[in-house]
Every structure is written in C-alpha cells, then in structure tokens.
Amino acid sequence: MNQISASIKQRLSLRAPLQDSLDVIADVTNRLSLTKPSADAAENKEFLQQELAVIKEAYPAFKDFQREFPSLAFSIATGVGKTRLMGAIISYLYLAKGIKNFFILSPNLTIYEKLIRDFGDPSYYKYVFNGISDFVHNRPVIITGDNYNQQSNLFEESEIRINIFNISKFNSDSKVTKKAGVSLAPKIKRLSEYLGQSYWEYLTGIEDLVILMDEAHRYHADASKSAINELKPILGVELTATPTDEKGEVFKNIIYEYNLAQALADGTFVKNPAIAKRKNFVRGSLSDREVDIIKLEDAVSVHKQTRTELELYAKTNEVKQVKPFILVVCKDITHAKEIYELINSSEFYGGEYVGKVLQIDSSTKKEEEIEKLFVSLEELDNEIEIVIHVNMLKEGWDVSNLYTIVPLRAANAKILIEQTIGRGLRLPYDGKRTGVESVDKLTVIAHDNFNQIIEEAQKPDSILNKFSFIEMDKEDLKIKTVVVTAKTNTEVQIEEEQKKVDKIESPKSKQTAQNVLDAKKAVLTAIPKFNSSHHVKKLDDLNKEEVKEQVLKAIEENLNTGQLNMFTEQIVAEARANYGEIINAYKENIIEIPRMDLVQGEVIATFKDFDLDTAEMNYRALENEIIRLGIVDRKTETIGVSSSGSYGNPVKNIISELLNYSDVDYDDNAELLHKLATQAYSALEINLEDKKEIAKTVFQFKTAIAEKIYMQMRANFDLQSTDYLEPKILPFTKIEQHNFTALASDGFRDYRDVITPLSLVPKFVFRGFEKACHFEYKFDSNTEKDFAIILEKDDKVDKWMRPAANQFRLWWSNNSKKYEPDFVVETADTIYLVEPKEAGKMTDPDVQDKRNAAVKFCRYATQYSAENGGKPWKYALVPHDKITITTGFEFLMAQYAV
C-alpha cells in the first residue's frame, strides 16, 4: 500500500471511487517514465508506443492514449467528486513525484470561476487542499487565463503552480488574430514584458507539466486537441462523466470507470431516481396542452411534498435548509414560452407561481448568464421554484436541489432522460445519501407517451434500469401537508399566558403582567444551562439558594446584553419573587433525563498469530545492470554493476517493506512481523543454491515478498468492538421540540379517536394528552397510539413523552447510527425507556444492538441517580401483539423491563 496515497485519502476524506482512482494514479505514475515528449514526431511515436505497452500490460482494457503524450481518462459519474479527485491527484504528484507544474482546463466560464475558487481560496468550504499540511505554508500559486500575461519570471523554485484556463479562452488566445488587416501572433504566444518570453514558451518549456482536463469530452475536437498537444505535458489526466467524443465514439484511454449505473447501484453518492406516473391515467382525447397541464400539476404536487419533507429534515437534524425546484423540459422555444406564460399566470394554481418561474434558453439569456442563474438556484433567498428549459443543460450547473423533472412531449425518452437525469442526481448534504427517502429521491414525471421509459428501464445496458417506478393516485395528489413543530407543555403554557397579557387594556396593568411573564421566560431560558453547575446534581438542586443567585445573575446579564431592557430591574425582582414557583412548574412538565453522550470505544483491529505459507517463496537473485543511452547517437549499451555487497539485514528489509502498508503498525505487531519475516527468510534460503545470494535476493524482491506476507496477514485480520465508554453525565436536559408533517386540512385528531383503516394512523397528528410532555404527537403505527392510550389512563404513570430526534445521544453500530427510543415513561419510583416492536423482529441483530445501547444508558443513568437521590431507569422491548388498550402498563413492565 502506498503510504502517500493512503495519507491523502485520509486527509481529504475521499469517497471510495476517488480512493480507487488515486490508487490507479499512484500505480500508473510508478510505471510511466513521466518524461517530456520529444519534439521529433517519429521519436515521440516510438516513445508513446513504449509507454502504451507498459500501461496495457497492467491494464489490458486500455487501448490508446489518443493524444501526443500519455493521457489517462477517468470516467466518474456526476456528483461523486471529480474536482476533489483533481486536488488529490495534484497533491499526490507533488508529494510523491515532486511535480510542481499543473495546467487545468475547464469547459466553460462557470466551471472556470468555480475551479479558481476551489483551488485558490483556503477559506472556501470546498477548498480542495484542506488537510494537506504541505500546502499550508507553501500554498499553490494560481495562474489564470485572465492574469497569465502579468506573471513575473521570478518564480520560486519551491512553488507549486496551477494554471487554470477556460477552454474557449485558451483556444482563442492560441489562434492567429487579425487587426486592421494585419495578422497578429496568438496572444498567449506574444512576448510578455513581465516574463521575458511568451507565456506559451514558458509553458511548453516546463519539464514537469501535468495537464488535467475537467469534462474531458469537450477537448476531443481537432482545435482543442491540437492546442493541448502543443503543450507537451508529461502526463494528461482526463475526467468526465460521459467518455464519448464529438462523434459519439467511446474514449480509448479509459483507465478507471465508476459510471452512473454503478453509482446508482451503490446507492451512496447520488440521488435515487424514480419515474412517477399518474395512476390509471388514460390520454383518450386529451390535447397536448391538457396532458402538459396534468403533468405539471403532478410535478407541483410532488414538489410541494418534497419541499415539506426537506424543511422537516432540516429542522429535525438542525442542518441547512434545501429549497427544491422543478425542471420542465420543453420541445422547443415556442413550447417553452407557452409553458412559461401558463405557469406565470393566475390560471395556474391561482397565481401561486407568478414570479417564481424562470425560462432559460437561447432566446432568453446568453449561455454564461444562464449558467450563473442556474447555480444561484441553490440559494434560499432565490424565489424561483420552476425552471423551464430547451436543451440548455450543460456542464457546470452544479446544483444539488433539483428534485423533480418534467419532460414534456419528448421525442426520444432515452436520450432526453440520460442527458437530463445527471443534472438532478447531486445530493445536498455532503454529497451522500442521508438514509431519508424523501431527501435522497429524484422524481421524473412520466405519462402516456413515456411508457417507452419503462421499456428502456428493462434493458440491461440502460442506466434507467436503476430507476424505481411509482404510480401516483389522483386523490393522493390533492393532499397537502405542512411542517408542524410540536412544542413542550411549558412552551404552550407560555404562549397561552402571552395571549392573556396581550388582551389587557390598561397599559400599567399590562406592563406589570408582561414583567411577570418575562421573568418566567427568563428563568426557563436560563436554567437548562445550569445542568453543568457543580452545585446541581438533580432538578431539586435548582432551588438551592446559591444556584438561585447564579440564575438571577445570569438573567440580569442576559437582559443587559445587546439592546437594553428598560424593565430589567422589575423583571429580575419578579424572577426572584416567583423563582421557586417557576422551578416547581418546570419540574412538573419535564422528565429528569440525564444528559450523556453514550458512545462506543474505538474498534480494535489486530492481526492474529499464524504461520506463514512459504510455498511461493522461491525467488532467485538477478544480475544488476545499468542501461546507458547515447545522447547524440542514441546507442544503447548495458553495463554490469559491481556490487559492494551492502544489501542490509534481510529480515529487517522485509519488515521495513511491510510497514509501508498503512494498517500494519510495528508497535502493535512487532512479534508477529519478526516471526513472519524470519519464516520467509528461512524458506528463501532453503530454495537458494548459493546461500550467499540470500541478502541480494531479499533486497531485489522485498516488495513482492512483503506483498505475499501481507495478503496472508489480511486473511488473519480481526476486528474487535470495545464496550461503551463511560460517559460524562449531567443531571437533566431540556425537553426538545418535535418537528413533523401534518395534513394541511383536517390533519389533527384526538388521541382517543378510532382511525380506520389503521394504515392512516401515521398521517395524523394527535392531541388531547394530559400526562405527556408535549402538546401533540405523531405515531408510526396504531400499536404506538394504543400504547399512548395505556399511558394516559394508567394511574401508575405520572408523565410520559415521545422523545424528539435529538433528545438522546445513544450511538450504536460502531457509532455510525443513533438510537431514538419510542417512549420515556415516569412512574412514582422508576423511569422507563420503552420500545414497542413488531413481534417477529424482536431478535433481529439491529434491534438487539439498539437494545444493548438502551440498557447501557439505563445502567449509567441508574448509577448516577442512585448517587444523587433520583429514580432508577429500566428498558423494555415490548412485542406489538402484547399491547392492547385493555393492558396495564405495570403488567407489561413486569414481563419485559430489564
């Protein structure tokens, strides 16, 4: 394993396909000579044939460089991170090969400007060299197509130089121009007063220039190809998601491929595309316009649902909000204009989308303006929700918030979808799926004239076979949802009190009442922060005099921060007078849940002890030779090497080579490494006729020997999970709010209502609870709803809650997943975590792993409570078929609580 590439993978957190690509770069650059192509055409042809033979030996599918220098294409699906890969390649070539000069080509102005920021702005969150410590004090110098003519010749020897050019600028600056009838030399080939030569001369004279081509399919036309060849780089790296040239022929120099089909199959780095069709849709005598309207209405229905789900996800997980938009694909400009006028009118959804639709095609904007408009669609303050286009989707529209695509009257579904779909597959959250279906899904609206899409999906060679298929019921499309924030009882009480204060007519009485309420708000805002005070070990400790004084001091400081409150003195006085009453009311509406981060210890990776299989340890020493090439006469001769005999200690040489593998640590495996290296040495010595050759043999073949040993070590690799780490525990935490969706119309029910069919239970928000810590809840099943009824009517239950997503921090599955218990229930003497579970899944491994996390939490919570006069905690995993509204809570806990 290459240590430098392993380090870069870790520092840059490269995704798996990018890691594989970097491994290919590391391997290939060890095989290629990395020398500048010869100016002599015949010599260069021979050179390329030799280099090609080297590559084809290791990569038999590789056919040709297709350029006048070694050039390798990486076919990587849109959204996986080609720019990040370019950063990793530059880092590797500098750190491993000492290469300092790079030339990046971009296909258009939008990507050009984006690349300049990606490579040149360390403060930018997408800066590609974040984590590469070598570039902190020796930051790469960025030279662009706009400033190259002002570059000085005083380049420092240690500088890393990255040239970034837009291909159209590069091509135009490389052409002969005419002015006043006089032919002028190409701009890039004219003398630079700063450089002392033309920039072209400078570039073509660089001995270690590497060229990287973003969207490489744009540079296979003759004009681009010729200009690029003239640069004579030592290596070309081509990156594209569509490795076909302008004639539709597939690249011959693809050395690594991670295409869209693979990305869709992996289900990690791109959205999950789905084709949606109106259920029971029959075109009949409907006109084209009527069908267009139906499709648009369906798209808007899906869009609204998606918008709500994205808002819910952002609130629940406290992450940035993503504003989705719809892309409408029209037949031609006339069609696009008709659709624009329809959507931008009061006829469409009562004018809801007037001013929120954008038509972008060659008749409305210049291409560069269109690109910038499209990129701005990700910004939350951009009001555009629907974009209409006619074949204007090109590279550089790097947006992650396209969630719905509506192709209207398309003649060729396959071409249209394959060209359009890639623009909607980028994911908004760190380029990875979240595991939440609505956040990870792209929807393509398809109807009668799109049945061919389904046929395409069944073809094994089509990317469309990765689509799922959805039928939308016409009635379902009418259902609208909204995001609801379920507040705690305390928050609801505050809001009700505020309404009463607002109704007071006397200004003096109103202000007095407002001061009392503001004092209550101030205390409730301050006290959650005191769970870390060394004076507070339980909620009752908030009533200690010293804690009270600290809370009042904090309130006064808060009121005097920023815009001063003229009633600070009165509010603090009210807080002092009513402090005990406020604390007691707070206690009544909260369950005393200890605050702890329950995390598992690091996974321990070890190599088990074993004896080496030495059957393949049969190497023979080779004669060392030097090949000498005459500079002028080009004659080659071979010279034998007279060895000094200093090959080092063979066993140490093997061990040293093994340590090049990033997962082999000497301190942890010293005994095993010495044992295996000694066994390999002994086997080699036995197989050698001349025992004196052993040191030389090991020295020559140490890499191959180490690889064979390492492969056997990998077969004896063992992962051991450690137990949970003992957490730091705080006595209580505030009750978090819930966020969920509700039906916009008639979406709220009393929890005692009977819902039929039962499948509708998850659609409603339920209210009317008297013992719960929140005003309203949703339930995932009728079993959960029935369990809530049990809790409400059982005299043994004092309080209960459905904890919000962020209430607990219980991690499982090697800290990759967070467990969210269904219920917390408090009785007179115990607090329970309760999880109703489908009876057939009680013993599933995931269920048991989550159970272990919850039990561990209860043990730590109980230990803390016992030391501080609190209640013990228990966990209950209850099968769903044991829960009925006639079952008592105490009865269930007696059977299932641990």
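Values in this document were obtained by computation on a predicted structure and should not be read as measured data.
- Residues satisfying the side-chain contact (heavy atoms from CB on, under 4.5 Å) criterion with Ala573, sequence neighbours excluded, are absent altogether.
- At a threshold of 4.5 Å between non-hydrogen side-chain atoms, the residues Arg851 and Val898 count as touching.
- To the nearest 0.5 Å, atom CG of residue Leu598 and atom OH of residue Tyr819 are 12.0 Å apart.
- Atom NZ of Lys874 sits in a sparse spot, with 12 or fewer heavy atoms from other residues, nucleotides or ligands closer than 6.0 Å.
- The distance from atom CD of Glu569 to atom CG of Asn560, rounded to the nearest 0.5 Å, is 10.5 Å.
- Between Tyr313 and Tyr429, the two ring planes are tilted [angle within 30° to 60°].
- Relative orientation of the His738 and Phe740 rings is tilted, given thresholds of 30° and 60° on the angle between their planes.
- Between Arg752 and Asp750 there is a salt bridge, since at least one side-chain N of the basic residue sits less than 4.0 Å from a carboxylate O of the acidic one.
- For the residue pair Thr485 / Asn739, a side-chain donor-acceptor distance below 3.5 Å is found, with atom types taken as modelled.
- Under the side-chain hydrogen bond (donor to acceptor under 3.5 Å, both in side chains) criterion, Thr756 pairs with no residue, sequence neighbours left out.
- A donor and an acceptor atom, one from each side chain of Thr884 and Thr886, are located under 3.5 Å apart.
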How far apart are the C-alpha atoms of Asn584 and Asn543, what are their side-chain angles, what is the distance that settles it, and do they pass the side chain to side chain contact (heavy atoms under 4.5 Å, CB included) test?
CA-CA 9 Å; Asn584 291 334; Asn543 278 315; 3.8 Å; yes
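- Looking only at side-chain heavy atoms (C-beta outward), Ser813 and Asp849 stay at 4.5 Å or farther from each other.
- The cationic atom of Arg802 (NZ for Lys, CZ for Arg) lies less than 6.0 Å from the six-membered ring centre of Phe823 and within 45° of the ring axis.
- By the 4.0 Å N-to-carboxylate-O rule, Lys553 lies too far from Glu549 to be salt-bridged with it.
- Remark: Arg576 fails to qualify as a cation-pi partner of Tyr579 under the 6.0 Å distance and 45° angle criteria applied to the six-membered ring.
- A distance of 12.5 Å separates CD1 of Ile755 from NZ of Lys763, quoted to the nearest 0.5 Å.
- At a threshold of 4.5 Å between non-hydrogen side-chain atoms, the residues Ile831 and Val825 do not count as touching.
- Residues Arg595 and Asn531 come closest through the heavy atom pair CB-ND2, 4.4 Å.
- Heavy-atom neighbours of Lys548 NZ from other residues, nucleotides or ligands within 6.0 Å: above the threshold of 12.
- Glu556 is linked by a side-chain hydrogen bond (donor to acceptor under 3.5 Å, both in side chains) to nothing, counting only residues two or more places apart in sequence or in another chain.
- Expressed to the nearest 0.5 Å, how far CG of Asn782 lies from CD1 of Ile789 amounts to 7.5 Å.
- In this structure, Asp540 does not pair ionically with Lys537, as no charged nitrogen and carboxylate oxygen lie closer than 4.0 Å.
- Side chains of Gln493 and Asn489: no donor on one and acceptor on the other come within 3.5 Å.
- Comment: Glu497 does not engage Lys500 in a salt bridge, judged by the lack of any side-chain N to carboxylate O separation of less than 4.0 angstrom.
- Ion pair Asp723/Lys856 flagged as a salt bridge, since at least one NZ, NE, NH1 or NH2 atom sits closer than 4.0 Å to an Asp/Glu carboxylate oxygen.
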Check the pair Lys315, Glu311 against salt bridge (Lys or Arg N to Asp or Glu O under 4.0 Å), reporting the backbone distance first and the verdict last.
CA-CA 6 Å; Lys315 285 188 174 183; Glu311 182 184 349; 3.8 Å; yes
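- From Lys510, atom NZ reaches atom CG of Leu517 across 12.0 Å, with rounding to the nearest 0.5 Å.
- Side-chain rings of Trp800 and Phe889 stay apart, their centers remaining 6.0 Å or farther from each other.
- If you take CD on Glu736 and NZ on Lys487, they are separated by 14.5 Å, rounding to the nearest 0.5 Å.
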